[in-house]
Amino acid sequence: MDMKEQAEVMTPPKMELSLTINGANYELQVPPTKRLVTILREELNFTGTKISCEVGRCGACAVQMNNQLVNSCLVMAYQANHASIITIEGLSGEELDPIQRVFLEEGGFQCGYCTPGMMMAVHALLATNQAPSEEQIQEALSGNLCRCTGYGGIIRAVQKAISNNNQK
Amino acid sequence: MIRQGTTSLIDTCVWMPTSLEEAWDLKKKYGENAAFIAGGTLMQTHWAKGLNCPSHLISLDHMNEMKGWGEELVNGQTYTRLGAGITLDFCRQNKNLFHPLLVEAAKNIAAPAVRNRGTIGGNIANGFGDMIPALLAMDAFLTLYDGNSTHSLPLSDYIKTNNQSLIISVLVPEDQTKRFFYKKLCHREAFTPSVITVAGSFNLNEKRKLTAVRLALSGGSTHPQRLYESEQLLEGSTLTNNHLQKVYQVINEEFIPSTDPFSTATYKRLVASNWVVSEIARLAT
Ligand SMILES: Cc1cc2nc3c(=O)[nH]c(=O)nc-3n(C[C@H](O)[C@H](O)[C@H](O)COP(=O)(O)OP(=O)(O)OC[C@H]3O[C@@H](n4cnc5c(N)ncnc54)[C@H](O)[C@@H]3O)c2cc1C
Ligand code: FES
Ligand code: FES
């Protein structure tokens with residue numbers, strides 16, 4: 001039995017990758033195992049998504065894929081095929097996203113390297129839970145490491161985003 | 001190292017079979033040069049550590065049999081069926097669908113972004129996943145495909161052999177009456193691999209005797225184990241301080257953890273014995 005006639009195969013060096021990023025469609029030819037973070041940063045210039053540990057441990061590369069938070073360093077091209085991706089560049093429109101504003105107001109960052117991933121994690125949390133408890137906030141951000149802030153400003157920023165939401 | 005690993009991935013072929021037979025035949029055809037892949041969250045960390053990525057990856061993403069969940073009646077007992085492809089976060093978020101012990105175990109694994117990709121099947125098949133002790137404590141069964149047939153096997157038997165079958169689903173008895181505990185010791189509080197993971201469950205009858213006792217342990221480098229002798233000692237017993245001391249000793253003798261660069265086997269045995277005894281005492285009083 002010739003497998004190639006049976007299962008769909010993504011052969012190296014290239015597959016046709018079709019995905020939506022921040023609402024716009026992209027078609028690319030990439031190796032099926034190329035990581036999403038590399039595609040975003042090096043092929044498409046979405047450099048807001050950062051890269052650090054490269055193995056899912058720091059959250060710097062976090063984006064949303066089909067409305068779920070993922071580490072783009074742990075997603076391979078074939079896994080992102082036909083997916084809808086939101087990166088940090090997709091959060092703001094004409095104005096800053098409310099989450100970006102509270103991070104500015106509350107000192108939620110210093111060097112800013114962890115910030116795009118952190119904001120994507122906060123966005124994913126508030127999209128499913130408008131009034132998370134402190135424990136739920138910590139849990140939602142547990143995969144995002146920050147070397148600068150000591151997390152105090154970040155937690156304050158999230159709490160402000162929640163209270164702003166409640167006042168609406 | 002990581003860059004090198006990535007470069008080696010450039011030549012990897014990814015297959016997307018849609019049936020168990022097709023997936024199995026591909027594995028047979030490419031042998032050692034092929035591996036099944038689900039979320040890939042664990043495999044990618046292996047490649048980053050320098051392990052070679054096989055030249056053929058057989059994705060389980062399109063395997064309908066591994067999707068979804070439901071109820072199943074087997075020999076008069078109702079089970080919750082979890083497809084092997086269910087993600088850890090789906091399990092964590094659905095308290096209404098899944099047993100609280102499973103939800104608790106899923107909550108203790110990695111962080112949301114990893115849990116959104118990592119699957120239950122991958123957690124069990126890798127042999128060291130933190131879901132395993134919880135599932136052992138619940139007498140879970142696996143539905144497996146071995147190239148010839150689909151059959152079920154208790155997880156407690158699956159962990160004893162190097163079983164290479166495809167995991168299709170996990171069957172967990174729907175038993176809400178059992179008391180249970182789940183604890184994971186780590187080097188820091190959250191988002192870190194396990195030093196040891198302990199899970200247990202039992203019923204307390206009207207005479208306050210323990211029945212259907214299950215104790216299971218594992219850890220980052222410690223193979224999952226059921227503590228059959230300790231379970232036996234607790235089975236049918238009423239708890240007294242003397243009896244708990246005896247149980248403590250037997251756990252200490254029966255549990256065989258590994259020593260790793262951070263923690264000795266002696267330390268792990270000590271923690272395990274303390275945890276099991278104190279959790280049982282807490283839940284039985
Ligand atoms: C940052 C980070 C933190 C982590 N923390 C934890 C943790 O705290 N606890 C923990 O347990 N794990 C942890 N993991 C490991 C991993 O995420 C989980 O074990 C996850 O459940 C693996 O699932 P997967 O679908 O990604 O498996 P994969 O990586 O796709 O596969 C793992 C293994 O299982 C095999 N396999 C997968 N599915 C099947 C199937 N259906 N049938 C047969 N074989 C199959 C594969 O061939 C491979 O050998 C962590 C990983 C990362 C990156
Ligand atoms: S770079 Fe992806 S999680 Fe660290
Ligand atoms: S602000 Fe510098 S790492 Fe978080």
Side-chain angles (χ1 to χ4, degrees), chain A residues 1-15 30-35 37-38 51-79 81 117 120-121 124-125 128-129 135-136 138-145, chain B residues 1-3 5-19 21-23 25-30 34 37-49 53 55-59 61-62 87 89-90 92-93 107 110-118 188-193:
Chain A
M1 179 165 54
D2 181 0
M3 292 309 154
K4 293 201 187 219
E5 282 172 24
Q6 301 285 314
E8 186 188 355
V9 61
M10 318 267 180
T11 26
K14 299 273 162 98
M15 66 172 275
V30 289
T33 48
K34 190 158 192 170
R35 293 175 307 175
V37 68
T38 319
I51 182 147
S52 179
C53 73
E54 307 190 48
V55 285
R57 297 211 171 276
C58 74
C61 67
V63 299
Q64 279 171 34
M65 183 161 96
N66 298 333
N67 297 321
Q68 288 194 318
L69 190 74
V70 298
N71 297 312
S72 57
C73 68
L74 283 186
V75 173
M76 290 180 268
Y78 81 91
Q79 296 174 312
N81 204 10
M120 295 314 293
L125 168 69
T128 53
N129 184 352
E135 193 195 339
Q136 286 169 326
Q138 283 180 10
E139 156 70 20
L141 301 185
S142 60
N144 295 74
L145 303 186
Chain B
M1 179 78 85
I2 289 161
R3 287 282 169 201
T6 314
T7 311
S8 78
L9 279 172
I10 300 299
D11 294 327
T12 297
C13 207
V14 182
W15 297 85
M16 308 291 291
T18 51
S19 71
E21 293 78 9
E22 223 180 334
D25 288 346
L26 281 162
K27 177 75 180 99
K28 210 162 116 191
K29 181 171 178 183
Y30 295 110
I37 181 165
T41 57
L42 185 72
M43 294 175 82
Q44 290 181 84
T45 63
H46 288 166
W47 305 332
K49 281 182 195 155
C53 169
S55 39
H56 296 268
L57 289 175
I58 305 164
S59 164
D61 288 356
H62 292 176
T87 63
D89 215 61
F90 185 81
R92 185 192 68 90
Q93 290 203 20
K107 190 175 151 193
V114 176
R115 287 198 297 260
N116 278 333
R117 303 286 313 153
R188 61 188 183 100
E189 210 169 297
F191 193 34
T192 168

What distance separates [X] [atom1] from [Y] [atom2], expressed to the nearest 0.5 Å?
X	Y	atom1	atom2	result
A:E8	B:E22	CD	CD	10.5 Å
A:Y78	B:T12	OH	OG1	10.5 Å
A:M76	B:L57	CE	CG	6.0 Å
B:N116	A:M65	CG	CE	9.0 Å
A:N81	B:M16	CG	CE	8.0 Å

Which residues satisfy the side chain to side chain donor-acceptor pair (under 3.5 Å) test with A:E139, sequence neighbours excluded?
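Listed in chain order: B:R115.
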Taking only residues two or more places apart in sequence, or in another chain, which ones meet A:Q138 in a side chain to side chain donor-acceptor pair (under 3.5 Å)?
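For A:Q138, no residue satisfies side chain to side chain donor-acceptor pair (under 3.5 Å) once neighbours in sequence are set aside.
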Have a look at B:R117 and tell me which of A:N71, A:L69, A:V70, A:L74 forms a side-chain contact (heavy atoms from CB on, under 4.5 Å) with it.
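Answer to the side-chain contact (heavy atoms from CB on, under 4.5 Å) test with B:R117 among A:N71, A:L69, A:V70, A:L74: A:V70.
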Go through the atoms of A:M120 and report whether side chain, backbone, both or neither lie under 4.5 Å from a heavy atom of chain B.
neither
Segment of B:H56 engaging chain A (4.5 angstrom heavy-atom cut-off):
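For B:H56, no heavy atom lies under 4.5 Å from chain A.
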B:Q93 side chain reached by A:T128 side chain, heavy atoms, under 4.5 Å
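Side chain of A:T128 against side chain of B:Q93, heavy atoms only: no contact under 4.5 Å found.
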Is the count of non-hydrogen atoms from other residues, nucleotides or ligands lying under 6.0 Å from A:N67 atom CG greater than 12?
no
Where is the tightest heavy-atom contact between A:S142 and B:A111, given as atom of each residue plus distance?
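Taking A:S142 first and B:A111 second, the nearest heavy atoms are OG-CB, 3.6 Å.
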